[in-house]
Amino acid sequence: MPPIVRSSRPLALVGAAVAAAVLAAPALAGNGGFAPVPPESPNAQGIHQSYVFISIFCFAIFLLVEGLLIAFIIRYRRRNRPRNADGAQIHGASRLELAWTGGPVLILFVIAAFVFAKLPGIQDVPSASAGNQNLVVDVIGTQFTWQFRYPNGVVAFDTMRAPEGRTVELHVTSPDWDVIHSWWIPALAGKIDAIPGRVNKTWFRAQRTGVFQGQCAELCGLFHAKMLASVEVMAPDEFDSWLAQQQQEQSAGTGPLGAEMWTATCAKCHGPSGEGDYGPKIAGTALVSDPQAVEQVIRNGFGAMPPVGRDWTDDEMTAITTYLKENLGG
Ligand code: CUA
């Protein structure tokens with residue numbers, strides 16, 4: 001046997017580095033973007049708990065494997081042995097082999113059991129109870145905009161408003177002339193695909209007011225990265241009056257809907273002032289002053305432009321054509 005060196009300094013160094021990383025992790029959450037955002041809905045909480053539970057095993061296995069690797073490198077390094085010296089010949093170690101087979105099986109079983117126990121709370125939309133109706137919002141992904149349709153006919157683009165403490169049931173889809181997108185607000189639950197012609201259901205119940213950011217999570221074309229979404233959670237009575245006011249303004253054509261549609265739908269390609277970006281310059285053109293011509297383009301698409309407004313209502317069409325004429329007309 002070669003002499004064994006029992007220096008523990010390298011191991012101590014590794015231990016110190018790991019400890020420092022563990023202590024630094026919470027500090028990085030929120031600003032480094034490495035750690036998940038804090039969950040703000042019961043189903044997001046379930047996802048977060050699963051994440052932490054699985055991470056504990058991953059971290060323990062990482063420490064075990066890397067620790068053994070380093071220990072073996074130090075303890076069994078060559079030193080002065082000749083290059084061609086054989087090591088001890090070993091055959092079979094039943095207990096060790098059983099342990100490294102049984103251990104991982106057990107770990108996978110425990111992880112699967114935990115996740116299956118959490119799954120209903122993450123996935124199933126809570127059923128409405130007396131006095132606590134779910135608010136159902138249709139979430140429609142199109143290239144490259146999120147549309148939110150409320151039960152009273154109100155529509156919103158890219159920013160969803162929602163009441164605090166109430167179950168919001170999301171019916172997520174995409175028109176059959178569009179492509180697959182994925183709805184994801186990390187603080188308010190997991191991803192769900194917006195698939196043309198199919199409705200996928202998810203939900204959240206926000207535990208506090210605030211604005212929660214998200215992003216389309218399925219590569220859907222050139223401006224996938226601009227397909228951001230946010231949910232603004234308001235106090236319930238504030239939300240109710242917002243919704244009622246929107247309904248009144250949108251049917252009267254007096255609200256900011258046109259501006260909202262411009263920013264969410266047109267400006268991403270044509271530039272914030274219509275000065276041209278990937279899409280051509282449209283500010284000051286004869287087209288934007290002609291509501292009927294604009295409607296034609298929006299409903300049917302033109303060249304590389306998708307038919308973004310094929311399913312928009314007449315009120316919505318009026319809102320955007322009026323906005324274009326008044327703000328970008330020649
Ligand atoms: Cu829509 Cu990516």
Side-chain angles (χ1 to χ4, degrees), residues 33-34 36-37 41 43-44 47 122-123 125 136-150 154-162 168-204 206 211-233 257-272 274 276-280 282 297-313 316-317 319-320:
F34 290 108
V37 296
S41 169
N43 47 354
I47 292 171
I122 293 170
Q123 192 167 271
V125 182
V136 177
V137 180
D138 292 335
V139 176
I140 302 151
T142 59
Q143 285 176 320
F144 297 95
T145 308
W146 291 105
Q147 292 174 43
F148 310 112
R149 295 186 181 272
Y150 293 87
V154 163
V155 65
F157 291 80
D158 284 358
T159 300
M160 178 197 292
R161 265 84 171 183
V168 181
E169 188 175 328
L170 304 175
H171 294 185
V172 181
T173 189
S174 166
D176 50 18
W177 44 266
D178 206 271
V179 301
I180 300 176
H181 306 268
S182 181
W183 170 252
W184 191 31
I185 306 286
L188 301 177
K191 292 173 191 171
I192 191 120
D193 278 356
I195 299 174
R198 190 196 146 94
V199 177
N200 284 334
K201 294 182 183 174
T202 185
W203 64 284
F204 64 83
V211 179
F212 305 105
Q213 307 289 349
Q215 157 82 58
C216 174
E218 179 77 50
L219 182 63
C220 54
L222 194 65
F223 283 127
H224 158 71
K226 287 195 183 181
M227 205 166 160
L228 305 169
S230 59
V231 174
E232 185 183 338
V233 176
L257 182 63
E260 202 181 315
M261 296 171 88
W262 162 259
T263 308
T265 307
C266 317
K268 287 172 185 166
C269 290
H270 293 284
D277 189 342
Y278 177 72
I282 53 171
V297 171
I298 290 177
R299 286 217 192 273
N300 302 315
F302 186 79
M305 177 174 154
V308 286
R310 182 165 288 176
D311 302 330
W312 288 350
T313 64
E316 288 153 26
M317 201 52 81
I320 185 63

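Since the model is a prediction, treat every value here as computed from it, not as a measurement. Sequence positions, counted from 1, serve as the residue numbers for this chain. Numbering of ligands and ligand atoms starts at 1, following listing order.
A salt bridge between D277 and K226 is present, with a side-chain N of the basic residue lying under 4.0 Å from a carboxylate O of the acidic one.
Nearest heavy atom pair, residue F144 against residue K268, reads O-NZ, 2.7 Å. Smallest separation of non-hydrogen atoms from G197 and T173: N-OG1, 4.1 Å. Nearest heavy atom pair, residue H224 against residue C216, reads CE1-O, 3.0 Å.
Cation-pi check for R299 over W312 is not met; the charged atom does not lie both under 6.0 angstrom from the ring centroid and within 45 degrees of its normal.
Of the angles at atom 2 (Cu) of ligand 1, the one spanning SG of C216 and O of E218 is 90° when given to 10°.
The atom of H224 that is an N, O or S and sits closest to atom 2 (Cu) of ligand 1 is ND1. Distances from atom 1 (Cu) of ligand 1 to each N, O or S atom of H181 single out ND1 as the nearest.
Backbone or side-chain N, O or S atoms of C220 reach atom 1 (Cu) of ligand 1 at under 2.8 Å. Between atom 1 (Cu) of ligand 1 and Q143 there is no N/O/S contact shorter than 2.8 Å.
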